[in-house]
Amino acid sequence: MKILLIGPQGSGKSTQVLEQNLQIPYISTGDIFRQIAQQNSEEGKKIKQTTESGKLVDDQTTARLLEKRVKKSDCQNGFILDGYPRNLEQVKLIPDLNFDKVFFLKIPKEVALDRLLKRGRNDDTEKSITKRLALYYQQTEALLDYYKNQGILAEIDGRGEIQSIQDEIKKSL
Ligand code: AMP
């Protein structure tokens with residue numbers, strides 16, 4: 001089972017602990033980049049700068065890293081993906097992701113902003129948060145129509161309790 005979670009930052013994608021239930025790994029490209037950003041290499045420094053500013057890492061680099069991750073043996077039975085694709089170009093770069101289901105965690109913009117400001121992660125400054133959300137609305141929301149047309153999109157109200165969101169997701173699988 002290959003699942004994609006789409007939603008603005010702050011919609012609770014990473015708190016959806018579906019992996020225990022479904023026994024497939026949760027993969028977040030943001031986590032992958034935050035890990036690389038800790039390395040003292042040229043690539044690490046560059047990625048740190050990009051993620052902290054809230055901009056997107058270039059599509060080629062992102063696709064290369066994600067492809068490497070989903071080829072690992074723990075992904076044999078699928079995965080829950082959070083953070084990729086972020087735009088239609090990234091869809092084209094890895095055409096064989098073949099999601100079975102795409103969940104859109106919908107929350108109002110103000111709620112997303114409020115949650116992010118309270119989260120206080122290292123790369124969360126007001127400026128980077130605003131940038132990330134703007135990019136999300138500009139680029140990532142376009143993917144919703146794409147997956148809707150494939151008939152695999154399910155919309156979930158992301159404002160509810162974690163448990164009820166989980167239940168809703170499991171019900172529609
Ligand atoms: P996230 O945890 O998903 O909000 O991602 C944190 C940061 O990692 C983003 O602000 C981007 O700089 C980078 N990132 C994560 N996923 C992608 C992606 N698919 N394409 C480009 N950059 C990404």
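Atoms considered below: every heavy atom in the structure, side chains included; atoms not considered: hydrogens, waters and symmetry mates. In this chain, numbering begins with 1 at the start of the sequence shown. Numbering of ligands and ligand atoms starts at 1, following listing order.
Shortest contact from atom 20 (N) of ligand 1 to any protein heavy atom: Q90 NE2, 2.9 Å. For atom 22 (N) of ligand 1, the closest heavy atom belonging to the protein is V57 N, 3.1 Å. The shortest contact between atom 9 (C) of ligand 1 and any protein heavy atom is with R86 NH2, 3.5 Å. If you check which protein heavy atom lies closest to atom 16 (N) of ligand 1, you get T29 OG1, 2.8 Å. Regarding atom 6 (C) of ligand 1, its nearest protein heavy-atom neighbour is R34 NH1, 3.5 Å. When hydrogens are left out, the protein atom nearest atom 13 (C) of ligand 1 is F33 CD1, 3.5 Å; that is the closest non-hydrogen contact.
Of the heavy atoms in T51, both backbone and side-chain atoms come closer than 4.0 Å to ligand 1.
Taking any N or O of K55, backbone or side chain, at least one lies under 3.5 Å from an N or O belonging to ligand 1. Polar contact with ligand 1: absent for Y84 (N/O pair, distance under 3.5 Å). For ligand 1, the polar-atom distance check against D31 finds no nitrogen or oxygen pair separated by under 3.5 Å. For ligand 1, none of its N or O atoms has an N or O atom of D82 under 3.5 Å away. Considering backbone and side-chain atoms together, L56 places no N or O closer than 3.5 Å to any N or O of ligand 1.
No donor-acceptor pair closer than 3.5 Å links the side chain of R132 to the backbone N or O of G54. For the pair D124 (side chain) and R121 (backbone), a donor-acceptor distance under 3.5 Å is present.
Counting non-hydrogen atoms of neighbouring residues, nucleotides and ligands closer than 6.0 angstrom, the NZ atom of K101 exceeds 12 such neighbours. Annotation: E141, atom CD; neighbour count of heavy atoms from other residues, nucleotides and ligands within 6.0 Å is above 12. For K45, the NZ atom counts as densely surrounded, since its 6.0 Å shell holds more than 12 non-hydrogen atoms of other residues, nucleotides or ligands.
Because its NZ or CZ atom is not both nearer than 6.0 Å to the ring centre of F79 and within 45° of the ring axis, K2 does not count as a cation-pi partner of that residue.
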Pairs under 3.5 angstrom only: tabulate donor-acceptor contacts from the side chains of residues 55-66 to other protein residues two or more places apart or in another chain.
unit_1	atom_1	unit_2	atom_2	d
D58	OD1	T61	OG1	2.6
D58	OD2	Q60	N	3.3
D58	OD2	T61	N	3.0
D58	OD2	T61	OG1	3.0
D59	OD1	N87	ND2	3.3
D59	OD1	Q90	NE2	2.8
T62	OG1	D58	O	2.8

Enumerate, atom names and distances included, each donor-acceptor pair closer than 3.5 Å involving a side-chain atom of residues 145-162, sequence neighbours excluded.
unit_1	atom_1	unit_2	atom_2	d
Y146	OH	Q150	NE2	3.4
N149	ND2	D145	O	3.3
D157	OD1	R159	N	2.9
D157	OD1	R159	NE	3.2
D157	OD2	R159	NH2	3.1

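Under 3.5 Å, the side chains of D31 and Q35 contain no donor-acceptor pair of N or O atoms.
Near G83, the atoms of ligand 1 lying under 4.0 angstrom from a non-hydrogen atom of the residue are 16 (N), 17 (C), 18 (C), 19 (N). Counting the atoms of ligand 1 from 1 in the order shown, those under 4.0 Å from a heavy atom of Q9 are 4 (O). Of all atoms in ligand 1, listed by their number and element, those nearer than 4.0 Å to a heavy atom of R132 are 4 (O), 10 (O).
Using a 4.0 Å cut-off between charged nitrogen and carboxylate oxygen, K118 and D114 count as a salt-bridge pair.
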